[in-house]
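Please read the structure below before turning to the comments.
Whatever order the structure lists ligands and atoms in, that order sets their numbers, starting from 1. This structure is a prediction, so every number in the text was calculated from the model and none was measured.
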Amino acid sequence: MEYNISEILKIIGSGNRSLIGDGNFKISRLLTDSRSLTYPSETLFFALTTQSGDGHRYLRQLYDKGVKSFVVSAVPDDMKSLEDANFIVTDNPLVALHALAGYHRNRFDVPVIAITGSRGKTIVKEWLNSLLQDDIVITRSPRSYNSQIGVPLSVWELNERTQLAIFEAGISMPGEMARLKDIIRPEIGIFTNIGTAHSSGFLSIEDKCREKASLLSDCRCVIYNSDDELISRCMPDVPVKLGWSRIDSTSPLFVEKVESGGGMSRLTFCYLGGEQQTVEIPFANEHDIENAIHCLATMLYLDIPADVIAERMARLTPVGTRLEVIEGVNGCLLIHDSYTSDFNSLSPALDFMRRRAVADRSLTAVISDLSCGEGATDEDYARMAELLAMAGISRLIGVGPELKRHAGCFNLEKEFFDTTEVFLEKMSVRDFNRELILVKGAPRFGFARICELLEARQHETVLEINLDAVVDNFNAFRSRIRPTTGIACMIKASGYGAGSHELARTLQAQGATYLAVAVHDEGAELRRAGITMPILVLNPTVENFHAIFTDRLEPEIYSFDFLEALIREAGHYGVKNFPIHIKIDSGMHRLGFLKEDLPRLIDMLKSTDCVTPRSIFSHLCAADDPMEDDYTKSQFEYFDECCRIVLSAFPGQKILRHILNSTGITRFPDHQLDMVRLGIGLYGIKTLHDGSQDDLRPVSSLHTVILSIKHWPAGTTIGYNRRGVLKRDSVIATVPVGYADGINRHLGYGNACMVVRGVKCPTVGTICMDACMIDVTDVEHVSVGDRVEVFGESIPVDTLAETLGTIPYEVLTSVSSRVKRVYYRE
Ligand SMILES: *Cc1c(COP(=O)(O)O)cnc(C)c1O
């Protein structure tokens, strides 16, 4: 919907604000992230200042791309003379965004459902959408847009056609919910559940629960699990408290019985003391059952007839919430979006894709028919064509009869197939070369098979990396230090084994100050992958000055020899003021300068303008050991003294000081200085076991699948040298993961377990090069193809490290490069 600029100026309130430019200019789209620009001339850009950056930095670039309207806290000097740019100047553009979204919301008199809670928000939202969309037009949050920025952008989607809206709301800090509530103004509220994880910023879980529940205080109806005591206690008094219970027969919705089996569940329930009814859902795990009951309660409250509820719930489908990045064949990179395939989910996926674009890879989209309640309209396909063109897609592969029928809309290289089967029959890996490929299909098209075809490594063993967990861990450490302290993220050793490109991209977007790699090759690769932020190289060597200068990889300086060589080469290349990082040996006794070296070092640095000190740092050697705290203290003191000497030699120059690693940040935040260096904690590994790092989430999980299953009588021997002797009649599974994948041989002989269907299965006999055997006797319904966890949710990396008498760092970095890495966002 269109608004003109002077109207918006009025809407955003009374504070300090002014308008420069044309008040009659009309806009219809809001933008907060410059990289997501799609419709320049219709866009109003909000220059937000967040922890990860300042939107004002992108104003000029956006203007050059055709954006004319901006909400800013100050107009940059180089834009003041532009005649066709419109600026609304206000103290806080985020507050303005909230005000505008709130105003927009108030123009619609439609029921709004708000969903909050720790887990399941997106699934409940998507399920409600699919349960209700046959009868009414629904506007909902795209993906999981539920933050201080995501909610206003979601609410902005409300339009004349909307008959019902469903929005998610999530918070990470106290005080945030009140603002979201003003923007959403929900009539029906759903509280999914409350987790225990990452409560940093809140006094207690109860505190966090109350803050979340405050979203619902003016609702007409709240829906929640009344078996959860904490949630029940926090629920506001509203006209209809629709608590559901599996034990209390007096609750409004009493779910008397849940019978699960064969991948489905039958729920028997009574609503408001009425007669007993049943519904079936095609899911059997606890989370899905909980999510389904929330949906059931909502449908009942909305007076949907029982037979309709039963019929629709029986055909719920899984909601893919993941966006995965997978290395593809022939130099391709695959982005697999398993989220629903309707129009409103296309933009975020294209956006995710565009951020991975590099110069020499063209953009291809493999897309299915849109899934939509009433069926997608011609207009939807026309808009889809427009979006693809805007995103720079040069090749479209459409799957499904609807897309084929609309072939004429698309003005690019295009092919169409009626079904996924036909695609698989006609296409081969030779048809793809150095492309960035978005694979996005409605669930019924089974696009996972297309990804399988296009994946580079077909090996079934996968290291999965949860990028959202990386972000949460980053923020968990962020909350332990001052907002002004920088964070250098250590992604040496290929991101502690997790692979560095995706991590680097994620951390760059998150506002890390520096990335640190071990050797220049790792840094050069990141530059080729489009990483532009500062990179520090910890172990530079004298052979690679060329890469250091051309890729702007800032070296650690640890010796006079190296510094001399660097200065000489910098002169040779004509480089001036190249940033370097001075390493002080404060007690590790590995690399670095001592206090007595400093006068000579300072002289050398002062006598050249080729290089300039950017930071000074040191590394703690026993931060995790309280017995060594005196030694650690002496390291701090030694380092402080060195810093004083160096800083006083370069007055007026900003030289960053940093000494803390992950454990150091947790234990000695007083020594955060100007920057900290975050390593293992980013990957969700706890180095302390006193509860002080319980907010960290595991990032990596290694899993594989069962290749074969055999029954053997007691006494049989399994594997090399007959080392695995069966003590009972057993069921033994072979899994394709061995020491060449990084499974240490000491994990054989039952020293470690892998998890199948929730059951811990010990290894049997020796670990082979490419396979090993596990005892699955106690696993019910075990079958070939079952997923096997080596480490992850059920088996923490620490456990394996302990078994091996090593540290988690070694376990993580041992996963060999032949194991496929898959990155995903939840
Ligand atoms: C690896 C490394 C770190 C990070 O240490 P963690 O214990 O993983 O947090 C910090 N500083 C230096 C110099 C390192 O080499």
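- Relative to the six-membered ring of F549, R552 misses at least one condition, a distance below 6.0 Å or an angle of at most 45° to the axis.
- In summary, the aromatic rings of H336 and Y824 are positioned with their centroids too far apart to meet the 6.0 Å limit.
- Ranking protein heavy atoms by distance to atom 11 (N) of ligand 1, first place goes to R677 NE, 2.8 Å.
- No hydrogens or angles considered: nothing links the side chains of T803 and H746 as a donor-acceptor pair under 3.5 Å.
- Remark: ligand 1 atoms within the under-4.0 Å shell around heavy atoms of G679 are 4 (C), 6 (P), 8 (O), 9 (O).
- Applying side chain to side chain donor-acceptor pair (under 3.5 Å) to Q693 and the options N473, T666, T663 leaves one that passes, T666.
- Protein heavy atom nearest atom 5 (O) of ligand 1, with residue, atom name and distance: N661 CB, 3.5 Å.
- Here's the thing with Y809: one of its N/O atoms is less than 3.5 angstrom from an N/O atom of ligand 1.
- In this structure, Q635 and C621 approach most closely via the heavy-atom pair OE1-N, 3.2 Å.
- Cation-pi geometry between R677 and F617 is not satisfied (NZ or CZ under 6.0 Å from the ring centre, within 45° of the ring normal).
- An N or O contact shorter than 3.5 Å is missing between F617 and ligand 1 by distance.
- Distances between N or O atoms of K492 and those of ligand 1 include at least one value under 3.5 Å.
- Atoms of ligand 1 found under 4.0 Å from any heavy atom of S662 (numbered from 1 in listed order, with element): 6 (P), 9 (O).
- Heavy-atom contacts of Y496 reach the following atoms of ligand 1: 1 (C), 4 (C), 5 (O), 6 (P), 8 (O) (cutoff under 4.0 Å).
- Which parts of ligand 1 touch M490 is read off a 4.0 Å heavy-atom cut-off, strictly below it: atoms 2 (C), 3 (C), 4 (C), 10 (C), 11 (N), 12 (C), 14 (C).
- Cation-pi geometry between K606 and F650 is met: under 6.0 angstrom from the ring centre, within 45 degrees of the axis.
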